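Okay, so here's the structure we're looking at.
Hydrogens, waters and symmetry mates are skipped; everything else that's a heavy atom, side chains included, is used. Keep in mind that this is a model prediction, so the values were computed, not measured.
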Amino acid sequence: MKVFSEYFPSFFLFVNGVTYFVIAWLFGSDPDTWFAAVEIQLLSQIGFTELNAMYVGLLSGTGIFLLIAAMLEGLQLGAMVYLLFSYAGLAAFRGWGIFIDQEFNALMMRLFIAETLSLAVTVVALYCLYLRNLRKRNPYY
């Protein structure tokens with residue numbers, strides 16, 4: 001358990017950083033296909049610019065931040081808290097659309113499941129980070 005809790009937070013942040021960066025690259029390299037996959041219909045070129053800013057800009061920035069946090073221990077707690085609130089918000093609002101508004105497709109259900117599982121794994125990673133920090137303060141733990 002010591003080895004797992006020592007390395008899991010960094011590994012988790014690294015995997016999330018790569019995932020966010022790959023998703024940003026996919027939306028940036030072939031936006032029409034990926035926006036169609038999530039059933040986003042653009043009414044104007046301005047909407048396309050806005051979606052690029054959000055999907056490509058925000059996701060790539062998040063990916064870079066998570067990759068840096070995986071390497072710098074001082075940023076890991078902040079990155080974990082960011083992922084906790086991010087996944088909680090994504091799962092909550094996607095769940096609202098699926099279960100309350102009844103607007104979903106197979107992709108939306110898979111994304112909801114992935115976000116819910118990611119939220120649970122984030123809690124595990126936060127606990128591992130807590131244990132790691134506890135061991136640094138108390139070497140007999």
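- For the pair Glu103/Ile98, no side-chain contact is recorded, criterion being any heavy-atom separation below 4.5 Å from C-beta on.
- Side-chain contact check for Phe21 versus Leu66: every heavy-atom pair is 4.5 Å or farther apart.
- Judged purely by atom type and a 3.5 angstrom limit, Glu115 has no side-chain atom pairing as donor or acceptor with the backbone of Tyr87.
- Smallest separation of non-hydrogen atoms from Pro9 and Ser5: CD-O, 3.4 Å.
- Met80 has its side chain within reach of Phe12: a pair of non-hydrogen atoms, C-beta onward, lies under 4.5 Å apart.
- Applying side-chain contact (heavy atoms from CB on, under 4.5 Å) to Leu83 and the options Val123, Thr122, Leu119 leaves one that passes, Thr122.
- A tilted orientation is assigned to the rings of Phe27 and Trp34, their planes being inclined by 30° to 60°.
- Checked options Val56, Ile46, Val38, Ile40; the residue passing with Leu51 is Ile40 (criterion: side-chain contact (heavy atoms from CB on, under 4.5 Å)).
- Closest non-hydrogen pair, Lys2 versus Arg135, comes out as O-NH2, 3.4 Å.
- With hydrogens and angles left out, the side-chain atoms of Thr62 and Tyr82 include a donor and acceptor closer than 3.5 Å.
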- Message: With ring-ring contact (aromatic ring centres under 6.0 Å, His included) as the criterion, how do Phe35 and Tyr55 come out once you've worked through the C-alpha distance, each side chain's angles and the decisive distance to 0.1 Å?
- Response: CA-CA 10 Å; Phe35 288 138; Tyr55 276 85; 5.4 Å; yes
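- In this structure a side-chain-to-backbone donor-acceptor pair under 3.5 Å is present from Arg132 to Glu6.
- Side-chain N or O atoms of Gln76 include one that pairs as donor or acceptor with a backbone N or O of Ala70 at under 3.5 Å.
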query: Does the pair Leu13 and Leu75 meet the rule for a side-chain contact (heavy atoms from CB on, under 4.5 Å), with working shown?
result: CA-CA 10 Å; Leu13 289 170; Leu75 292 177; over 6 Å; no
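- For the pairing with Thr19, the side-chain contact (heavy atoms from CB on, under 4.5 Å) check across Val22, Asn16, Ile23 returns one residue only, Ile23.
- The aromatic ring centroids of Phe65 and Tyr20 lie 6.0 Å or more from each other.
- Atom CG in Leu59 sits 11.5 Å away from atom CD1 in Ile64 (nearest 0.5 Å).
- Nearest heavy-atom pair across Ser60 and Ala24 is N-CB, 3.5 Å.
- Note that CZ of Arg94 and CG of Asp101 are 13.0 Å apart. Values are rounded to the nearest 0.5 Å.
- Separation of the Tyr7 and Phe11 ring centroids does not fall under the 6.0 Å cut-off.
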